[in-house]
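Reviewing the structure listed below.
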Amino acid sequence: MTRLKGLDLLALGFMTFALFLGAGNIIFPPSAGMAAGQSLWFAALGFLLTGVGLPLLTVVALARVGGGMDRLTAPLGRGAGTLLAVAVYLAIGPLFATPRTAVVSFEMGIAPFTGNAAVSLFVYTALFFSATLFLAVNPGQLVNRVGKFITPVLLAALLVLGGAAVFAPAGDIGVTAESYRSGPLLKGFLEGYLTMDTLGALVFGIVIATAIRDRGVSSPALVTRYSMVAGAIAALGLSLVYLALFYLGATSQGIAGEAQNGVQILTTYVQHTFGTTGSLLLAIVITLACLTTAVGLTTACGEFFSGLMPVGYRTVVVVFTLFSLLVANQGLTQLISVSVPVLVGLYPLAIMLVALNLLDRCWVSPSRVFVPVMAVTLVFGVADGLSAAGFTDLVPVLFTKLPLAAQSMGWLVPVLVTLVIAFAMDRLVGERRLAT
């Protein structure tokens, strides 16, 4: 029976860390940290819950069921489970997350040198997705190509940037913005949605398991164990990166107080601290971080859709890469504005799917619990998504009166009530059947 050695496990953990560390992981913590100001640590804790805790739990849940997202959604039935999986894969793949990796890396790493011209963006994204396609064509080589070669370079650059943020801050921690004064923990929690990492974990789980099996590991128990180890290594690395970037943003109000997003904050800080050399460092960090994530997302989508439809893996990868190239050239602002409502609608479904699977031993019949809970989550998730998109007229007034509705978490109380009722009914029906 093949077992992974220490260095192989470390490479697997590095690969997992690199898959998760992408565009959203770099640009959102600095802007959240700047807005949080004196409430920095409460906001950071909330961000870590959704940006690190939920993805780690998702990897654990996938490792426990021993498969991909289809195993998690099995209690919903094949049709509903497939629809949810398709929505997640498209959002995390060619519609939003994959194009965002290219646009963010261009705006942060390349645009300071070339400008934001459409031609420059197209040339860069064409090269970016050509590299993505090259690395994604043979998914079995991801550990070697990403875990052993690309990630160490990325980590070295991150250590320099993170060390500078902690030991050479641009100033003191700034004031707290209005949006963070009443509930910094909850605000940080919601900001963590934007990383897309929980949705990413739903699709990366199968990539991690495939990489382990490609190393010769056949035991399901070992695949589960190694997946959890890889997730833990990635979670530790992400936590350190997030905390450093939060602190960087919180201490940069003096030099980047007018910045509109994390891209501008990071660019200003790096130019202020390192000059042109720093801009080159930032270009390396962002490009490598976004490239590894794009490869992981493209690989996961290729494996999922080639299994769902009568087309080959390489065909799916090529088509999705070309589509991502087209979407990426619409620009970052447009991508973010469209993706936020979709994420607000999808994240509650992802959270409850993972939670219900982690509590699977509590259910007599999983489908009796999954179906009503996920149905209610869908209804209220869509309502929150419509509100986030500005279509408040389409949302019933009652929905806006629910606790936490103003924070795009109006789904929480109705879903928890449904869960309690479904749990009671599941137990009651199960006990009656046992009695008869």
Side-chain angles (χ1 to χ4, degrees), residues 20 22-58 88 91-92 96-97 100 176-202 238-239 241-243 245-246 249-250 260-262 265 335-355 377-392 395 399-416:
F20 279 110
N25 310 81
I26 300 293
I27 65 174
F28 293 117
S31 57
M34 176 173 286
Q38 297 293 332
S39 299
L40 162 68
W41 303 118
F42 286 106
L45 175 59
F47 193 94
L48 290 179
L49 289 175
T50 43
V52 177
L54 286 177
L56 178 58
L57 290 176
T58 303
V88 169
I92 204 70
F96 301 124
R100 190 177 71 179
T176 302
E178 182 66 32
S179 59
Y180 276 85
R181 288 177 186 171
S182 58
L185 182 67
L186 180 58
K187 181 66 174 175
F189 184 91
L190 292 172
E191 288 292 317
Y193 280 11
L194 299 176
T195 65
M196 294 192 183
D197 278 349
T198 299
L199 299 181
L202 287 171
L238 288 172
S239 297
V241 171
Y242 289 155
L243 290 173
L245 292 178
F246 256 84
Q260 300 298 311
N261 53 51
I265 295 171
L335 272 176
I336 292 177
S337 64
V338 174
S339 66
V340 169
V342 176
L343 293 179
V344 169
L346 276 178
Y347 245 87
L349 290 168
I351 291 172
M352 292 311 302
L353 181 65
V354 172
T377 305
L378 174 62
V379 171
F380 285 91
V382 169
D384 284 341
L386 289 172
S387 296
F391 298 111
T392 53
V395 180
F399 284 34
T400 64
K401 304 295 183 182
L402 292 168
L404 302 177
Q407 289 78 31
S408 297
M409 291 192 68
W411 61 273
L412 186 59
V413 173
V415 168
L416 291 179

Original post:
Can you find a heavy atom in the side chain of Leu378 that is under 4.5 Å from one in the side chain of Leu349?
Top reply: yes

**OP:** Enter the distance from Lys187:NZ to Thr176:OG1 here, rounded to the nearest 0.5 Å.
**Re:** 13.0 Å

**OP:** Determine the minimum heavy-atom distance between Phe96 and Ala91, stating which atoms define it.
**Re:** CB-O, 3.3 Å

Original post:
What are the two closest non-hydrogen atoms of Ala350 and Leu199, and how far apart are they?
Top reply: CB-CD2, 3.6 Å

Original post:
Do Pro348 and Val415 have side-chain heavy atoms sitting under 4.5 Å apart?
Top reply: no

Subject >> For the student: nearest non-hydrogen atoms of Tyr180 and Ala35, plus distance >> reply: CE1-CB, 3.4 Å

Subject >> Smallest separation among heavy atoms of Asp197 and Pro55, with atom names >> reply: CB-CG, 3.5 Å

Subject >> Thr400/Val395 under side-chain contact (heavy atoms from CB on, under 4.5 Å): CA gap, chis, key distance, verdict >> reply: CA-CA 8 Å; Thr400 64; Val395 180; 4.2 Å; yes

Subject >> pair Leu238-Asn25: side-chain heavy atoms closer than 4.5 Å >> reply: yes

Original post:
Roughly how far, to the nearest 0.5 Å, is OG1 of Thr50 from CD1 of Ile351?
Top reply: 7.5 Å

Original post:
Are Val241 and Phe20 side-chain neighbours, meaning at least one heavy-atom pair lies under 4.5 Å?
Top reply: no

Original post:
How far does CG of Leu245 sit from OG of Ser31, to the nearest 0.5 angstrom?
Top reply: 10.0 Å

Subject >> Test item: Leu402 and Val413 side chains (from C-beta on) under 4.5 Å apart, heavy atoms >> reply: no

Original post:
Relative to the ring of Phe380, is the ring of Phe399 parallel (under 30°), tilted (30 to 60°) or perpendicular (over 60°)?
Top reply: parallel

**OP:** Identify the heavy atoms of Ala32 and Glu191 that sit nearest to each other, and give their distance.
**Re:** CB-CG, 4.5 Å

Subject >> Reported CG-to-CG distance for the pair Leu202 and Leu353, which is rounded to 0.5 angstrom >> reply: 6.5 Å

Subject >> Interatomic distance, Thr377 atom OG1 to Leu346 atom CG [nearest 0.5 angstrom] >> reply: 12.0 Å

**OP:** For residues Leu243 and Leu48, determine if any side-chain heavy atom of one lies less than 4.5 Å from a side-chain heavy atom of the other.
**Re:** yes

Original post:
Taking all atoms of both residues into account, what is the closest heavy-atom pair of Gly381 and Trp411, and its distance?
Top reply: N-CB, 4.4 Å

Subject >> Euclidean distance, Leu190 CG relative to Tyr347 OH, rounded to 0.5 Å >> reply: 11.0 Å

